[in-house]
There are 2 protein chains.
Amino acid sequence: MNRTTQTKRTTIYDLAELAGTSASAVSAVLNGNWKKRRISAKLADKITKLAEEQGYALNMQASVLRRERSKIIGMIVPKYDNRYFGSIVEQFETLARERGLFPIITCTRRDPALEVEAARAMLSYQVDCLIATGATDPDRIVDLCAAAGVRTINLDLPGARAPSVISDNYGGALELTRRVLANCEKEYGEKTPLLFVGGRGTDHNTMERVRGFRDAHAEAGVTVDETLMLTCGYAPEKAESAMQQLAERLSPLPRGMFVNSTISLEGVMRWIRRSGHYADRVPQLGCFDWDPFVAMLGDHIEMVRQDVPKMLEAVFGIIDSGATDITVVQVPPIVEKIG
Amino acid sequence: MNRTTQTKRTTIYDLAELAGTSASAVSAVLNGNWKKRRISAKLADKITKLAEEQGYALNMQASVLRRERSKIIGMIVPKYDNRYFGSIVEQFETLARERGLFPIITCTRRDPALEVEAARAMLSYQVDCLIATGATDPDRIVDLCAAAGVRTINLDLPGARAPSVISDNYGGALELTRRVLANCEKEYGEKTPLLFVGGRGTDHNTMERVRGFRDAHAEAGVTVDETLMLTCGYAPEKAESAMQQLAERLSPLPRGMFVNSTISLEGVMRWIRRSGHYADRVPQLGCFDWDPFVAMLGDHIEMVRQDVPKMLEAVFGIIDSGATDITVVQVPPIVEKIG
DNA sequence: CATGCTTGCTCAATCGATGAAGCAAGAATT
DNA sequence: AATTCTTGCTTCATCGATTGAGCAAGCATG
């Protein structure tokens, strides 16, 4: 049975037979510890060549089943529809592979039920470690994993039962709000409270950003208008309808706004274009998250770019060190204006 | 050993002991064919409850190792940095799960070596089927998989050795070019050839889009300017420097352009802002691919949105039917202008 | 020549789930 | 009462890779 007609996968037993040796020798050679197992270089060479010729691919299932550690590392992520999560996933894959780990990612669409199902699936894959990114209920996931002896690290949103790596949401929001307030003052000559739109009022990041938002107002001597705090969820449609409802009960609309993610910004911008409000004078905007095209939308938008490389370095720092103490690492984001 | 202190995972043997029954009964109950195996409803109930209590999670490794088919379906994807691939991945996960399959995705950053490595990793996971999305060398991947008896489907870029699902690149480019030409004429009162920028000159999609671009010019009676065909690669930096080089040898610059992806558009837009060219009069743009914020950049941009839901339905149609004949399904994209 | 050490392998148990084959007890049929 | 059928399980081999234990041959040492 040669390479072109074969339909079954080549196993170490096939290679052993071809090489006239034992499966155990083949295994030792192919997983790299043939020296430790005192296989001769000559045999190792022969087996390596044969494996290549036959297009041998390790059976991960069999290998992981037998081994103590799987070297599989899982990540759950809410969405793939923005640059922030996109780069998290890309970086994660890269750093995992650099360490000889096998990354597995799954997307939960911000659905708590799917989150739990996804975590279970990860356990089924025997992941050594799970990164829960932006999970709505990170502690639930940590508990599930802990029961199976799997460590968890929270990313983006913190939890109470595992180490977390998040942005300095307070600091980023403080600076972002300062800038938008300043832009408003420069542009319109008056200090007025900003609109806050997007995000869930219950999630840690949103609460921290609201805190930064409030403190920046206080600093500037501006009183926050409580009717302008619209934590309506992240989805574009939700931001859009929140804007619509606001416009129905309020006029004039605020001069400036703090938008809690690019994805909410999508809805806000859509509403602005569709409704015709702000047609005379563009609002001063601040967006917590970065997108290259948003940056090009005009010089009236400030953005906070979360420092994904640093965040993932922190995550792998925790993994590499084996630390399990429940800390929250806060990574400062980058406040930039591409005017 | 109870749930809270346990550190080892619960197996069917643990459950069997707790239920006072055999592992084989537990297995039958948990994988759903207990009726076929004539297990009583009473025992099934007891085992199900126990499994839940103990937080049992199937060991995929053991399960897949034993079974004929793994029910794992793999996808390799070039990047996560744009909406097109992002929605492909999200849709893929959803449709796979709907069918009781386990999706595994990996990103290759347009690196041919990583592509092959990723395909090998997928084989190691014992995938039943692999979707190669936007692969630089799809046939290489098909060969690797075929040797292991794994079927492949090409998505986004076609291959010669497996069924492919792609956009109607010619049709989309034809219509897009028509519109940009018309916009130029309306805006500037003259018919001039457009710039084509982005993409690899050797990839099928780019070639087809170039063909549509040329035919639209011919239709309009405009001669294509060969010095304006810049298939410099997809990366923003490449598009940016291609624009720079063009500007150094040509003046005035073309009135309109066909940009071959949002990711190339990122570079083009950056160059436009930085260089100060086009400061007086914005160029008429057409972009093959869609992004919500690009749509808001102004009314001088036309976009083609590839029909991701239809494309993935086609992919799973092929999977479900088991078809292996080498066809190319072309899905018409949506040409839209959000002015 | 007996003993021990090194080299270079092989043997066989094991990981957890699966399912074909088999078996015991009771019900139904002749 | 003897036979067959049905129900509800259990037993055990198996998937492919890993690894501790063991073994034979060759060499060195006393």
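Among residues two or more places apart in sequence or in another chain, the side chain to side chain contact (heavy atoms under 4.5 Å, CB included) test is passed with A:T108 by A:I76, A:L114, A:E115, A:A118. The ring-ring contact (aromatic ring centres under 6.0 Å, His included) search around A:Y80 returns B:Y80, not counting sequence neighbours. In terms of the side chain to side chain contact (heavy atoms under 4.5 Å, CB included) criterion, residue partners of B:A162 (sequence neighbours excluded) are, by chain and number, B:V142, B:T152, B:N154. Under the side chain to side chain donor-acceptor pair (under 3.5 Å) criterion, B:S70 pairs with B:D128, sequence neighbours left out. A:A121 is linked by a side chain to side chain contact (heavy atoms under 4.5 Å, CB included) to nothing, counting only residues two or more places apart in sequence or in another chain. The side chain to side chain donor-acceptor pair (under 3.5 Å) check on A:S124 picks up nothing, with sequence neighbours excluded. Not counting sequence neighbours, B:I326 has no partner by the side chain to side chain contact (heavy atoms under 4.5 Å, CB included) test.
Identified under the side chain to side chain donor-acceptor pair (under 3.5 Å) test for residues 319-331 of chain B, with sequence neighbours left out: B:R99-B:D320.
Looking at B:I318 and B:R151, their side chains come closer than 4.5 Å, going by heavy atoms from C-beta outward.
If one axis is set at each end of the helix from C:dC1-D:dG30 to C:dT30-D:dA1 from five pairs, those axes are 60° apart, to 10°.
When rounded to the nearest whole Å, the span between CG of A:D14 and C1' of D:dA17 equals 13 Å.
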N/O-N/O pairs, protein side and nucleotides 18-23 of chain D side, under 3.5 Å:
unit_1: D:dT18; atom_1: OP1; unit_2: A:S63; atom_2: OG; d: 3.1
unit_1: D:dT18; atom_1: OP2; unit_2: A:S27; atom_2: OG; d: 2.8
unit_1: D:dT18; atom_1: OP2; unit_2: A:N31; atom_2: ND2; d: 3.2
unit_1: D:dT18; atom_1: O2; unit_2: A:R66; atom_2: NH1; d: 2.6
unit_1: D:dG20; atom_1: N7; unit_2: A:R37; atom_2: NH1; d: 3.3
unit_1: D:dG20; atom_1: O6; unit_2: A:R37; atom_2: NH2; d: 2.6

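Protein chain B touches strand DNA chain C; the 5'-most and 3'-most nucleotides with an atom under 4.0 angstrom of its non-hydrogen atoms are C:dG16 to C:dA20.
Each of B:I39 and B:Q126 was matched to the nucleotide of DNA chain D holding its nearest heavy atom; the match closer to the 5' end belongs to B:I39.
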Would you tabulate the side-chain donor-acceptor contacts of residues 15-24 of chain A under 3.5 Å, counting partners in other chains and residues two or more places apart, or write 'none'?
unit_1: A:S22; atom_1: OG; unit_2: A:A25; atom_2: N; d: 3.2

